[in-house]
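By convention here, the first residue in the shown sequence is residue 1. Since this is a predicted model, take the numbers as computed values, not measurements.
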Amino acid sequence: MLTRRAWLGGLLGLAGCGDCAGAPPPPAPLPPSTPAPTERWTEVAFPASDHFQAEHAVISKQGQGQVLVALHGRGEVDKGLQGGARGWRDDYALDRAIVRAAAPPLTPDDFLGFVNDSRLGALNASLAAHPFVGLAVACPWAPALKDRSPAGSEPFARFIIDDLIPRARKEASAQSSTLNGIDGVSMGGRLALLIGLRHPEVFRTVGALQPAIGERDIPELVALAKAAAGKVEDFNFRLVTSTDDYFRPAVFAFSKALNEAEVKHVLIETPGPHDYAYNRGPGAYEMLLWHERRLRGLPAP
């Protein structure tokens with residue numbers, strides 16, 4: 001029998017393309033303790049503009065001036081503008097992670113069991129030293145681009161930079177225009193790399209969770225990362241993969257190529273699969289805490 005992993009592996013080998021894999025498995029049930037979204041979030045509809053189509057985003061209104069753009073995976077693309085934009089908040093339980101990060105200590109249950117003792121200890125030690133104050137997290141609908149080149153991501157990048165971030169700052173009453181980060185998971189992780197590395201003057205922190213990349217993407221991504229690191233003094237770049245991530249080999253190869261190019265970055269590997277359960281556990285916490293720590297000028301765990 002052809003398993004999903006074998007089928008996907010064949011696609012990756014032929015195309016070097018995570019987006020070709022289609023939607024991830026159906027969501028697993030959320031933990032009973034997950035709260036419903038609250039007044040901490042607002043929803044914003046954006047009309048079509050000269051540089052991009054009509055858009056929708058959900059924005060959490062927290063923090064001390066930091067804005068994090070969080071991009072969803074391929075499974076949310078076909079849910080429509082509103083359904084896709086709600087991916088991190090609703091499908092990936094980001095609201096629950098925000099609540100728990102503000103009330104440590106975190107437990108293995110928060111990570112749905114996908115955490116080891118050393119990583120959990122490091123995250124809790126960081127929270128004990130510096131309490132989590134949150135961020136304005138802006139979650140737009142993310143497109144599955146036909147043009148997967150860096151230039152192909154530019155219209156969406158212009159929407160994020162010119163429309164989404166200013167609106168997120170307005171919703172969160174955030175004044176600073178420099179404390180921005182970008183991250184995403186799977187397809188969204190690849191988009192975050194393309195946009196963040198092309199615009200390091202906008203994004204002080206650039207991250208990617210289980211990014212949907214193939215080996216053929218690596219030379220271009222390394223070139224973007226090297227150029228970004230040369231443009232800004234404080235370049236914060238982080239990759240996350242997991243033990244059963246479909247894209248783990250490519251992420252490790254990317255990290256190796258970055259080391260060879262002397263591009264400073266962080267690579268984190270956690271336990272876990274490439275699916276919704278991971279997003280609701282390690283994905284949400286690794287994304288929130290790394291960006292919130294670094295955008296505040298604090299050491300990341």
Nearest-0.5 Å distance, [atom1] of residue [X] to [atom2] of residue [Y]:
| X | Y | atom1 | atom2 | answer |
| --- | --- | --- | --- | --- |
| Asp91 | Asn279 | CG | CG | 9.0 Å |
| Lys79 | Trp141 | NZ | CH2 | 13.5 Å |
| Leu224 | His199 | CG | NE2 | 10.0 Å |
| Phe203 | Phe235 | CZ | CZ | 12.5 Å |
| Lys231 | Arg198 | NZ | CZ | 8.5 Å |

Min side-chain heavy-atom separation [X]-[Y] under 4.5 Å:
| X | Y | result |
| --- | --- | --- |
| Asp163 | Arg158 | no |
| His72 | Arg89 | no |
| Leu258 | Phe237 | yes |
| Ile218 | Lys256 | no |
| Arg119 | Pro301 | yes |
| Val137 | Gln62 | no |

Look at atom [atom1] of [X] and say whether more than 12 heavy atoms of other residues, nucleotides or ligands are closer to it than 6.0 Å.
| X | atom1 | value |
| --- | --- | --- |
| Asp147 | CG | yes |
| Lys61 | NZ | yes |
| Asp117 | CG | no |

Under a 3.5 Å distance rule, please check whether [X] uses its side chain to pair with a backbone N or O of [Y] as donor and acceptor.
| X | Y | answer |
| --- | --- | --- |
| Glu43 | His56 | no |
| Trp88 | Leu71 | yes |
| Arg293 | His130 | yes |
| Arg190 | Arg148 | yes |
| Ser153 | Pro150 | yes |

In this structure, would [X] and [Y] fall into the same cluster of hydrophobic residues linked by side-chain contacts under 4.5 Å?
| X | Y | result |
| --- | --- | --- |
| Leu298 | Ile268 | no |
| Leu123 | Trp290 | no |
| Leu295 | Val266 | yes |

Between [X] and [Y]: side-chain donor-acceptor atoms closer than 3.5 Å:
| X | Y | value |
| --- | --- | --- |
| Ser118 | Asn116 | yes |
| His51 | Asp162 | no |
| Thr270 | Tyr278 | yes |

Parallel, tilted or perpendicular, as decided by the 30° and 60° cut-offs, for the rings of Phe52 and Phe156: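 The arrangement is tilted - the two ring planes meet at 30° to 60°.
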Would you call the rings of Phe159 and Phe46 parallel, tilted or perpendicular if under 30° counts as parallel and over 60° as perpendicular?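 The rings of Phe159 and Phe46 stand perpendicular, inter-plane angle above 60°.
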So if I apply the side-chain contact (heavy atoms from CB on, under 4.5 Å) rule between Trp41 and each of Asp90, Ile59, Ile98, which one comes out positive?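 So, applying the side-chain contact (heavy atoms from CB on, under 4.5 Å) to Trp41 and each of Asp90, Ile59, Ile98, only Ile98 qualifies.
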With Val202, which of Ile161, Val232, Val69 fulfils side-chain contact (heavy atoms from CB on, under 4.5 Å)?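 Option passing the side-chain contact (heavy atoms from CB on, under 4.5 Å) with Val202: Ile161.
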Can you name the side chain to side chain donor-acceptor pair (under 3.5 Å) partners of Glu220, sequence neighbours left out?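 Expected list: none.
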Would you check, one step at a time, whether the test side chain to side chain contact (heavy atoms under 4.5 Å, CB included) holds for Arg204 with Gln66? CA-CA 10 Å; Arg204 184 172 295 183; Gln66 310 94 338; over 6 Å; no
Is the gap between the ring centers of Phe247 and His274 under 6.0 Å?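 So the answer is yes for these two rings.
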Can you name the one residue among Arg280, Arg86, Glu76 that meets side chain to side chain donor-acceptor pair (under 3.5 Å) with Tyr92?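 Of all the options given, the one that passes is Glu76.
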I'd like to know whether Arg74 forms a salt bridge (Lys or Arg N to Asp or Glu O under 4.0 Å) with Asp78, so could you lay out the CA-CA distance, the side-chain angles of the two residues, the decisive distance to 0.1 Å, and finally the verdict. CA-CA 8 Å; Arg74 180 63 180 85; Asp78 297 329; 3.4 Å; yes
